[in-house]
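For ligands, and for the atoms within them, numbers begin at 1 and follow the listed sequence.
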Amino acid sequence: MSQEKARIQLVEALRDGRIERREFLRGALGLGMSVGTIGLVLQACGSEEKPADAPPPAGHEGTGPGPAPAPEPELGPIEADLHIYMWSDYIAEDTIPNFEKEFNVKVTLDTYESNEEMIAKVQTGAAGYDLVCPSGYAVSVLRHLHLVEQLVKKHIPNYANLAPLFLGSVFDPKNEVTVPWQWGVTGVAYRKDLLGKVPDSWALFQDAALKGKLTMMDDMRDNIGAWLRFLGKSVNSVDAADLAAAKAEALKAKPILASYVSAPVKAQLIAGDVFAAQLWNGDTMQAKVEKAEIEFALPKEGSSIWCDSMCIPKGAKNLRAAHEFLNYILRPEVGAKISDFTGYGSPNLPASEKMVNKVAYPTEADMKNLEYNEDLGAGTAAWDQIWTEIKSG
Ligand code: SPD
């Protein structure tokens with residue numbers, strides 16, 4: 001059976017109530033469905049159910065007086081353990097040891113390379129994590145799966161340090177489940193000594209003279225998004241002609257690329273095996289610490305901007321420790337050290353002012369060339385299909 005047919009059968013099984021949401025998710029991830037599509041299907045198939053942790057429908061965020069909010073629960077004393085699951089290279093070296101010492105909590109840190117990897121693990125329910133770090137669209141999927149806890153804000157007084165720019169997002173309009181962690185942009189990391197030019201266009205990845213020395217990210221939104229911008233289109237376009245044109249550009253690049261790879265490409269850039277890679281700004285800055293010849297550029301056609309957030313997965317055992325950790329990382333000095341290590345911007349306003357290597361918040365002028373990835377709605381399925389064709393083409 002083709003993958004496409006298997007996907008259709010899986011969606012029908014969920015729609016007809018023959019399988020549970022969790023079973024659907026397991027199958028969907030196995031069939032390579034993107035988290036955007038999964039969220040969309042779950043939303044469509046569970047529309048009669050309105051859990052407290054589900055995002056409100058578009059256009060209804062925070063409107064109307066509504067019922068008075070329920071009093072926040074008591075969390076009890078801090079536990080002895082805390083299990084964190086986040087992207088690799090995304091926290092300063094002393095953040096966890098200092099927290100362990102001050103709060104007498106043993107912290108375990110596991111890492112992942114994609115939202116899909118994280119969601120697959122969290123949805124098993126057996127992972128035992130107390131904190132995860134999804135990108136915006138993955139927050140939406142976790143909420144649709146009822147896999148996030150509401151934050152108990154009285155235990156996070158430092159929430160007030162967050163800059164308004166990063167609050168009230170479409171994924172968490174009432175700031176109920178996320179603590180914004182780091183923000184950044186997607187662009188090009190390059191070895192100025194080996195490339196011999198400043199990359200100014202996504203066309204770099206179609207340069208036959210650089211065959212085998214270039215990589216692009218193994219990420220549908222970043223990859224197709226770049227080719228859409230190259231064509232003068234939005235990273236959120238769902239227009240069939242735009243997507244077909246983006247696919248054609250991606251396929252021109254494919255034989256030139258050494259591989260599709262995300263954060264681990266840092267080692268190849270440092271070694272000089274790769275001359276230029278589509279990458280995020282912060283990971284590029286981390287690589288630059290080890291190899292000064294590494295630089296970052298944003299192609300003139302524009303790119304995407306994003307913000308990852310901390311969330312507490314449903315059923316987390318160490319709720320008080322998770323809240324204490326969230327409040328701790330929102331201290332200005334702690335937040336500053338995290339972002340000085342990661343190379344990303346801090347959504348924590350006083351922390352961003354304390355950073356040694358300051359990353360200024362995006363201005364209106366910056367935003368003219370950058371877009372936040374949005375929920376693709378019904379167009380997500382077309383993106384999934386095109387990404388599968390690019391990868392297998
Ligand atoms: N090394 C950690 C990088 C985290 C990047 N997350 C952003 C995903 C945007 N698509």
Side-chain angles (χ1 to χ4, degrees), residues 34-39 84-93 95-96 109-119 131-142 166 169-171 178-189 202 215-229 234-236 260-270 277-290 294 296 298 302-311 329 335 337-347 359 362 370-376 380 383-384 387:
S34 77
V35 289
T37 300
I38 293 169
I84 303 175
Y85 193 35
M86 67 154 49
W87 301 83
S88 63
D89 303 330
Y90 220 22
I91 191 162
E93 277 162 12
T95 311
I96 287 177
L109 174 69
D110 291 340
T111 59
Y112 55 84
E113 298 300 334
S114 72
N115 286 300
E116 288 73 12
E117 192 183 339
M118 177 271 293
I119 291 170
L131 287 167
V132 293
C133 190
S135 301
Y137 69 104
V139 171
S140 190
V141 173
L142 290 174
F166 299 97
S169 67
V170 291
F171 307 107
T178 57
V179 173
W181 172 259
Q182 306 287 278
W183 69 271
V185 293
T186 300
V188 182
W202 290 115
T215 62
M216 288 187 83
M217 281 199 275
D218 191 6
D219 183 298
M220 173 175 90
R221 295 301 300 262
D222 280 322
N223 195 303
I224 299 174
W227 293 117
L228 282 168
R229 290 296 308 209
S234 164
V235 297
N236 299 306
Y260 294 113
V261 56
S262 301
V265 79
K266 294 197 289 286
Q268 296 170 57
L269 280 164
I270 292 165
Q278 184 189 30
L279 193 58
W280 305 297
N281 59 322
D283 279 66
T284 306
M285 290 304 116
Q286 290 172 34
K288 188 176 171 63
V289 171
E290 289 188 45
I294 293 174
F296 183 77
L298 271 176
S303 188
S304 58
I305 178 168
W306 42 265
C307 185
D308 297 333
S309 297
M310 291 294 252
C311 286
I329 55 102
K337 277 179 104 171
I338 292 170
S339 289
D340 272 328
F341 172 83
T342 64
Y344 289 106
S346 175
V359 179
L370 294 168
E371 287 177 275
Y372 278 101
N373 285 327
E374 290 167 5
D375 186 344
L376 298 169
T380 314
W383 273 67
D384 263 344
W387 183 231

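A salt bridge links R229 to E371: at least one charged side-chain nitrogen sits closer than 4.0 Å to a carboxylate oxygen.
Crowding of K337 atom NZ: a count of heavy atoms from other residues, nucleotides or ligands under 6.0 Å not exceeding 12.
In this structure, ligand 1 sits under 4.0 Å from heavy atoms belonging to W87, S88, D89, Y90, S135, D222, W280, D283, W306, D308, Y344.
Between Y112 and Y85, the ring centre distance stays below 6.0 Å. Note: Y90 and F341 fail the aromatic proximity criterion, with ring centroids not under 6.0 Å apart.
Side chains of D308 and S135: a donor on one and an acceptor on the other come within 3.5 Å.
Smallest separation of non-hydrogen atoms from D218 and S262: N-OG, 3.4 Å.
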